[in-house]
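Chain A is the first sequence line, chain B the second, and so forth, proteins listed ahead of strands; every chain is numbered from 1. When reading the values below, keep in mind they use all heavy atoms of this one structure, side chains included, and skip hydrogens, waters and symmetry mates.
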There are 2 protein chains.
Amino acid sequence: MRPTMRDVARHAGVSLKTVSRVVNGEVGVRPDTAEKVNEAISALGFRRNDIARALRGGKRTRSLGLVIKDVANPFYSQIARGVEEVARLHDLFVISGCSDEDPARERHLIRSLCERRVDGLLVVPSAADHRYLIPELNMGTAAVFMDRPPEEAIRADVVLIDNVGGARSAVEHLIAHGHRRIACLADLPGIFTARERRRGYDEALQAHGIPVDESLVRLGPHDVAGAEAATAELLALGDPPTAVFAGNNRLTIGALRAIQAAGRTTALVGFDDFELADMLATPVTVVAHYPAEMGRRAAELLCRRMDGEDLPPQRVLLPTRLIVRGSGESPPI
Amino acid sequence: MRPTMRDVARHAGVSLKTVSRVVNGEVGVRPDTAEKVNEAISALGFRRNDIARALRGGKRTRSLGLVIKDVANPFYSQIARGVEEVARLHDLFVISGCSDEDPARERHLIRSLCERRVDGLLVVPSAADHRYLIPELNMGTAAVFMDRPPEEAIRADVVLIDNVGGARSAVEHLIAHGHRRIACLADLPGIFTARERRRGYDEALQAHGIPVDESLVRLGPHDVAGAEAATAELLALGDPPTAVFAGNNRLTIGALRAIQAAGRTTALVGFDDFELADMLATPVTVVAHYPAEMGRRAAELLCRRMDGEDLPPQRVLLPTRLIVRGSGESPPI
DNA sequence: CACTGAGACGACAACGTTGTCATCTCATCC
DNA sequence: GGATGAGATGACAACGTTGTCGTCTCAGTG
């Protein structure tokens with residue numbers, strides 16, 4: 001089927017090794033010999049077999065595995081983009097898979113990637129137990145986690161967003177605009193980022209001497225519809241909140257729908273920026289962060305590990321930025 | 001570093017081949033032998049080396065290459081998602097790369113993917129010449145193109161959106177609402193989809209006996225800013241259009257900005273659906289299509305080719321759907 | 001002319017796995 | 001009791017490449 005170096009060698013009347021030398025640009029081949037070989041290569045359409053190349057000498061496969069929840073989700077696709085940019089610089093390929101937040105699938109993916117001998121792993125871990133990774137790590141597969149840390153037992157680098165700080169800045173922004181009754185839409189409490197953002201919300205209130213009113217906190221909404229319902233409920237309270245902090249972009253959209261539907265001017269700040277946030281009927285004030293940057297930083301850390309650098313496990317915290325657009329600056333009723 | 005089957009064999013006191021049999025679930029191993037082997041496997045943390053596996057016997061690598069313009073762009077990330085879904089069913093991995101519409105990079109990517117011996121290629125081709133692919137195709141690498149066809153000379157499957165039909169339906173919708181002066185924002189004429197959508201625009205007008213007024217057609221705007229400027233220019237004409245057809249979602253957003261800025265109620269229909277189109281100040285009527293479906297269909301075709309099916313090259317045309325949301329139904333001034 | 005050494009090139013093994021075929025062990029049967 | 005054969009296991013080669021080392025050629029030197 002595909003010609004091998006042996007075929008090229010036969011065709012050019014030289015030895016296998018000489019073809020190898022030419023293909024890899026090694027020195028010590030006479031120009032006319034090299035030309036003969038190159039002619040044979042184009043005549044036969046030879047392509048060096050990277051599979052064989054990786055096998056021989058336990059060479060690197062020049063590939064890294066990326067496990068995310070879902071490429072179709074902009075948050076993850078931007079991470080993927082950041083990863084790919086760094087991979088490109090290092091002449092690495094990215095082999096990616098979507099876990100869909102299913103721990104079994106995640107585990108299967110990681111295992112398969114290890115079997116393919118990727119040089120390193122980049123993982124956005126699901127909420128499950130990751131100790132099964134320990135043997136792989138001990139065996140020398142480098143790994144860096146993104147967005148959520150794995151359990152204590154796993155000594156690996158992590159790149160996180162400053163969830164607590166970002167949430168705090170959002171809530172403080174609302175407080176600065178005079179709000180005291182601020183609702184919090186948090187995602188499922190099993191999710192690390194949801195817990196952290198909730199913590200930032202609490203800290204901001206406490207820092208300003210505002211008691212946390214649990215009736216204004218909604219843990220659990222996980223999609224636009226859930227957030228819309230939860231917000232509608234909050235707005236229907238006898239003493240409704242004058243502002244809402246939404247823990248991620250799904251929740252922000254849901255809250256926005258409910259606020260618009262209720263014809264209120266309730267203030268809103270959301271975690272996560274999203275496209276067209278500035279083009280909505282009410283432009284949305286958000287805590288922005290940079291998923292592509294997370295991918296890049298994680299990939300860079302991974303490359304350093306792959307190059308054998310032996311630092312203690314790093315924990316990178318990426319900053320957030322409050323983008324003021326209107327929805328967060330409405331005064332209390 | 002990582003243990004091999006030989007190590008496992010030594011540890012279990014059996015032969016290499018017996019380990020292979022156990023690992024691959026072959027019959028003809030006594031249960032107690034299998035157990036010894038399995039114990040050795042977990043004791044050593046053995047993982048079968050898929051690289052060696054693929055090499056031996058010219059086996060498939062169980063991977064496919066995906067070349068898109070940019071994963072961070074939702075259109076492409078949805079394609080990637082569709083591809084992933086099918087790949088998962090066939091136990092294949094997806095190795096992807098972003099061409100950034102750079103023909104040289106695309107070529108490099110495809111070449112590298114072939115060197116890695118992917119079992120098949122999925123490509124959204126850039127505007128360049130793809131004849132360099134012919135040797136690879138002849139050499140047995142299956143390939144399926146998406147979104148844009150490669151040149152005539154390349155006999156391969158293609159999965160396209162019904163660009164002409166979708167554009168025609170958009171413009172006919174505007175005509176049905178009484179518009180006669182309909183502007184067309186098309187992307188760079190070098191882009192296949194831009195040409196096709198422009199053609200749909202022409203056909204719709206001609207079918208209704210409306211002459212094409214070239215002063216209402218803008219070829220070239222390629223981003224939001226360009227479309228905004230072009231639309232502003234159109235609206236400033238002595239006899240401005242009463243409706244705009246925008247050839248893709250970037251152009252739609254640009255047009256929308258310009259229309260809002262000018263305080264007009266100019267009707268607007270855009271090609272490509274986008275998230276939050278229904279949440280904008282003016283909800284946008286669009287020609288929707290399904291990029292994930294394109295990825296799925298292309299991946300399915302590719303899998304059939306990889307399984308050795310030998311059909312003539314297929315050309316799949318995916319339907320579009322007009323989603324009415326408001327912006328396309330304003331009457332002429 | 002014999003010697004030296006650098007430069008060009010080739011033979012061979014090895015990477016980790018699996019397909020092929022050979023061997024070895026028994027229980028079964030006449 | 002020896003032949004038979006099924007079942008279990010092992011030896012070995014091969015996949016396509018590259019690292020190591022050996023061989024060969026030939027110009028330069030004494």
Side-chain angles (χ1 to χ4, degrees), chain A residues 1-38 40-41 44-63 112 114-119 139-141, chain B residues 1-38 40-41 44-63 112 114-119 139-141:
Chain A
M1 183 84 80
R2 277 197 174 268
T4 71
M5 279 194 180
R6 193 183 312 282
D7 300 320
V8 175
R10 247 194 304 269
H11 195 275
V14 298
S15 84
L16 180 56
K17 180 64 202 187
T18 298
V19 177
S20 173
R21 276 192 263 258
V22 172
V23 169
N24 293 295
E26 287 173 32
V27 293
V29 180
R30 282 212 321 267
D32 57 328
T33 310
E35 199 183 342
K36 268 194 308 184
V37 171
N38 281 319
I41 287 176
L44 299 177
F46 167 81
R47 293 279 172 276
R48 176 174 60 189
N49 185 331
D50 273 344
I51 297 291
R53 195 159 196 254
L55 180 58
R56 162 70 221 220
K59 272 287 179 335
R60 305 266 129 194
T61 56
R62 307 221 60 81
S63 60
S112 300
C114 288
E115 289 183 346
R116 261 154 213 267
R117 296 295 190 269
V118 292
D119 298 334
M139 220 58 81
T141 307
Chain B
M1 184 81 82
R2 277 198 174 268
T4 72
M5 280 192 180
R6 192 183 313 281
D7 300 320
V8 175
R10 246 194 305 268
H11 194 275
V14 299
S15 85
L16 180 56
K17 181 63 202 186
T18 297
V19 177
S20 171
R21 274 191 265 258
V22 173
V23 169
N24 294 295
E26 286 174 34
V27 294
V29 180
R30 281 212 323 266
D32 58 327
T33 311
E35 199 183 343
K36 268 193 308 184
V37 171
N38 281 320
I41 287 176
L44 300 177
F46 168 80
R47 291 281 172 275
R48 177 174 59 190
N49 185 330
D50 273 346
I51 297 292
R53 194 158 196 255
L55 180 57
R56 161 71 220 220
K59 272 288 179 336
R60 305 267 130 192
T61 56
R62 307 222 58 80
S63 60
S112 299
C114 288
E115 289 183 346
R116 263 157 211 266
R117 295 295 188 269
V118 292
D119 298 334
M139 221 58 80
T141 307

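- With sequence neighbours excluded, the residues that form a side-chain contact (heavy atoms from CB on, under 4.5 Å) with B:N24 are B:S20, B:E26, B:R48, B:R53.
- Each of B:A34 and A:R47 was assigned the nucleotide of DNA chain D with the nearest heavy atom; the assignment lying further toward the 5' end belongs to B:A34.
- The phosphate of C:dC9 (OP1 or OP2) has a side-chain N or O of A:R30 nearer than 4.0 angstrom.
- Interface limits on DNA chain D: the 5'-most and 3'-most nucleotides within less than 4.0 Å of chain B heavy atoms are D:dA8 to D:dG16.
- The closest side-chain donor-acceptor pair between A:R2 and B:T141 falls under 3.5 angstrom.
- Heavy-atom distances under 4.0 Å link DNA chain D to B:V14, B:S15, B:K17, B:T18 of residues 10-20 of chain B, given in residue order.
- Under the 4.5 Å side-chain criterion, counting only non-hydrogen atoms from C-beta, A:N49 is in contact with B:R117.
- As judged by a 4.0 angstrom heavy-atom cut-off over every strand, B:D50 is placed among residues making no nucleic acid contact.
- Residues that satisfy the side-chain contact (heavy atoms from CB on, under 4.5 Å) test with A:R60, not counting sequence neighbours, are A:D119.
- A:S112 is linked by a side-chain contact (heavy atoms from CB on, under 4.5 Å) to A:H108, B:F93, counting only residues two or more places apart in sequence or in another chain.
- For A:E35, the side-chain hydrogen bond (donor to acceptor under 3.5 Å, both in side chains) criterion is met by no residue, not counting sequence neighbours.
- Nearest-nucleotide positions on DNA chain D for B:A52 and B:V27 put B:V27 closer to the 5' end.
- Contact of the A:R62 side chain with the B:R116 side chain is registered, since non-hydrogen atoms from C-beta on lie closer than 4.5 Å.
- Taking five base pairs at each end of the helix from C:dC1-D:dG30 to C:dC30-D:dG1, the local helix axes there meet at an angle of 60°, rounded to 10°.
- In this structure B:R47 satisfies the side-chain hydrogen bond (donor to acceptor under 3.5 Å, both in side chains) test together with A:E136, sequence neighbours excluded.
- Counting only heavy atoms from C-beta outward, the side chains of A:L44 and A:H11 approach each other to under 4.5 Å.
- Residue B:V8 is tested with B:V14, B:V19, B:T18, B:V23 for a side-chain contact (heavy atoms from CB on, under 4.5 Å); the sole match is B:V19.
- Legend: residues meeting side-chain hydrogen bond (donor to acceptor under 3.5 Å, both in side chains) with A:R56, ordered by chain and number and at least two apart, are absent.
- Within the nucleic acid shown, A:V29 comes within 4.0 Å of sugar-phosphate atoms alone, with no base atom in reach, counting heavy atoms only.
- Remark: B:R6 pairs with B:T4, B:R10, B:L16 by the side-chain contact (heavy atoms from CB on, under 4.5 Å) rule, at least two apart or across chains.
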Taking N or O atoms only and anything under 3.5 Å, show me the protein contacts with nucleotides 21-25 of chain C, one pair per line.
none

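- Partners of B:S63 by side-chain hydrogen bond (donor to acceptor under 3.5 Å, both in side chains), not counting sequence neighbours, listed by chain and number: B:T61.
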